[in-house]
Amino acid sequence: MASQINKKMLWMLLVSLLLSNMQQRYFAARGKQQQVPCLFVFGDSLSDDGNNNNLVTLAKSNYPPYGIDFPKGPTGRFTNGRTIVDFIAEFLGFDNYIPPFATARGWEILKGVNYASGAAGIRIETGQTQGDRISMDRQLKNHQITLLEMNQMWGNHNKSTAEYLSKCIYVVAIGSNDYLNNYFLPQYYPTSTIYTPQQYAVVLNDQLSQQLTSLYKYGARKFAVFGLGAIGSIPIVRSSCGSGTNGSACVDNINNAVELFNVGLKSRVAALNHNLTCGSFVFINSTGIASTSPLLASLVSNVSCCEASSTTGQCVPSGSTCSNRSQYAFYDSIHPTQIVASVFAGRAYKAKSPSDAYPFDITHLAQH
Ligand SMILES: *[C@@H]1O[C@H](CO)[C@@H](O)[C@H](O)[C@H]1NC(C)=O
Ligand SMILES: *[C@@H]1O[C@H](CO)[C@@H](O)[C@H](O)[C@H]1NC(C)=O
Ligand SMILES: *[C@@H]1O[C@H](CO)[C@@H](O)[C@H](O)[C@H]1NC(C)=O
Ligand SMILES: *[C@@H]1O[C@H](CO)[C@@H](O)[C@H](O)[C@H]1NC(C)=O
Ligand SMILES: *[C@@H]1O[C@H](CO)[C@@H](O)[C@H](O)[C@H]1NC(C)=O
Ligand SMILES: CC(=O)N[C@H]1CO[C@H](CO)[C@@H](O)[C@@H]1O
């Protein structure tokens, strides 16, 4: 009896020594190595890195001066440099940015694919006045194509796709166009005559929850879901609302509607964590991050950096830009500059305040 106990204790000691050794090695390697095997991205122009380049649409940005601060120049990113998801990929230790679905081929899909599309929304009709775009539902279909390809690749290697996917991070950042290119364009879309802002937020929250649940069914387990920014305050909306008290009421009206979506989304994230027990869902509080960043508060935010079209809000092809781009919040009249993207991504990855990410940040999501 006594010798049995001693044997057991010896085994336990050996096992715990081995485990702590492995842990030490793991932590020593962290920060340099890629923290998750792949990163999938779903969203709109804030994340698009080239999916719209060959679509018939006004929502394109593969021309100068877009990409002026990006090593490869214009790529279809709607900003001067890197996007929020580019920074997140860097922070997670990826060597390369996540390729767009439109051009991703072969083994590179194993590190993840970006499905985001400018003008796209949660709702299928959103953005149709801009031309073609890849709605969230179509992005989910494209993801299924990627999964088929992954399964084929692994057929020979007999590795479980499901186990692999369960370690990957899925960034979902969509919904701004359901407001700017739908609800608040009553001349083209009927949604504002059908729903109050509160009802519309619930409709969008319901649909996005279903889309996230579909992703979970396809094998996703780690989700970072971004709330929407204060899109009433972007330069094109400010100028279309006009100045004076009516102008600020118009801006507030849009920001208030979007905040209903955000509050609902956060509680959906809590419900999804409860309902889908193998999943981890994180909500990123974009408006909270924007309103509490001293750096962002110091930037010029009422005008665009590039010379922008007053109708589309996008940079005029080969138009001029400001030279001090890190002092401007908006590159064109809609999209944030690289410096703003770095602040959002930095606090989504490693929260500075408990309200930045709920229930925890992307650093913890990667380890979860
Ligand atoms: C706001 O706009 C409405 C109509 O668009 C106008 O009747 C009203 O006088 C305006 N109010 C102010 C304070 O400008
Ligand atoms: C969670 O499950 C409950 C009960 O089945 C359901 O009513 C609710 O819609 C689910 N919530 C989400 C966000 O999926
Ligand atoms: C986002 O953060 C702000 C500022 O910290 C906070 O007031 C707000 O309640 C948060 N929003 C959500 C939906 O958690
Ligand atoms: C932008 O803000 C600055 C300072 O706050 C102001 O001087 C300028 O007139 C504003 N420009 C526009 C176009 O509103
Ligand atoms: C940026 O540079 C322009 C001239 O190129 C100048 O007018 C503007 O005041 C500068 N903005 C800031 C925030 O320094
Ligand atoms: C293609 C192939 O060899 N598939 C096998 C992979 O391993 C599982 C068991 O782990 C088998 O059930 C499959 O037949």
Side-chain angles (χ1 to χ4, degrees), residues 122 136 170 172-173 175-176 197-198 201-218 220-221 223-248 250-251 255-310 313 322 324 327-330 332-334 337 343-344 346-348 351-361:
I122 295 167
M136 186 61 184
Y170 292 66
V172 179
S176 298
Q198 177 62 61
V202 171
V203 165
L204 293 179
N205 288 156
D206 279 346
Q207 196 170 345
L208 184 55
S209 300
Q210 279 162 16
Q211 288 158 339
L212 293 169
T213 304
S214 297
L215 273 179
Y216 180 89
K217 287 183 184 149
Y218 305 154
R221 291 295 178 267
F223 298 83
V225 187
F226 277 73
L228 306 181
I231 50 180
S233 306
I234 66 178
I236 192 169
V237 174
R238 283 188 208 228
S239 58
S240 70
C241 281
S243 51
T245 40
N246 264 3
S248 66
C250 160
V251 164
N255 286 340
N256 292 340
V258 166
E259 203 49 28
L260 297 172
F261 172 89
N262 287 337
V263 170
L265 182 59
K266 187 180 179 183
S267 64
R268 297 313 170 99
V269 160
L272 288 167
N273 275 320
H274 180 261
N275 289 8
L276 306 176
T277 47
C278 297
S280 296
F281 294 81
V282 162
F283 167 79
I284 304 299
N285 183 351
S286 305
T287 48
I289 293 171
S291 64
T292 58
S293 163
L295 174 64
L296 297 193
S298 74
L299 303 178
V300 175
S301 61
N302 59 350
V303 289
S304 63
C305 164
C306 76
E307 184 191 339
S309 150
S310 60
C322 64
N324 40 13
Q327 288 169 326
Y328 281 75
F330 293 95
D332 58 17
S333 297
I334 304 169
T337 48
V343 170
F344 278 109
R347 287 174 64 169
K352 277 210 175 123
S353 143
S355 62
D356 287 355
Y358 166 86
F360 41 70
D361 59 23

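Sequence positions, counted from 1, serve as the residue numbers for this chain. Counting starts at 1 for both ligands and their atoms, following the listed order.
With ligand atoms numbered from 1 in the order given, ligand 2 contributes 1 (C), 2 (O), 3 (C), 8 (C), 10 (C), 11 (N), 12 (C), 14 (O) to contacts under 4.0 Å with heavy atoms of N275. When each atom of ligand 2 is checked for a heavy atom of A271 under 4.0 Å away, the hits are 11 (N), 13 (C).
Using a 3.5 Å distance cut-off with no hydrogens or angles, the side chains of N262 and E259 do pair a donor with an acceptor.
Cysteines C322 and C305 have SG atoms closer than 2.5 angstrom.
At least one heavy atom of L272 lies less than 4.0 angstrom from ligand 2.
Of the heavy atoms in V303, only side-chain atoms (C-beta onward) come closer than 4.0 Å to ligand 4.
In this view, S353 and R347, S355, D356 satisfy the side chain to side chain contact (heavy atoms under 4.5 Å, CB included) rule, not counting sequence neighbours. For the side chain to side chain contact (heavy atoms under 4.5 Å, CB included) test, no residue two or more places apart in sequence or in another chain qualifies with S291. For the ring pair (Phe, Tyr, Trp, His ring centres under 6.0 Å) test, residues two or more places apart in sequence or in another chain that qualify with F281 are F223.
Looking at S293, its side chain never comes within 3.5 Å of a backbone N or O of A290 through a donor-acceptor pair. S301 places no side-chain N or O within 3.5 Å of a backbone atom of A297 that could act as its donor or acceptor partner. Remark: the backbone N or O of C278 is paired with a side-chain donor or acceptor of Y216 at under 3.5 angstrom.
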Which pairs of N or O atoms, one from ligand 3 and one from the protein, are separated by less than 3.5 Å, and what is the distance for each pair?
unit_1	atom_1	unit_2	atom_2	d
ligand 3	2 (O)	N285	ND2	2.3
ligand 3	5 (O)	S355	OG	2.8
ligand 3	11 (N)	N285	ND2	3.0
ligand 3	14 (O)	K266	NZ	2.9

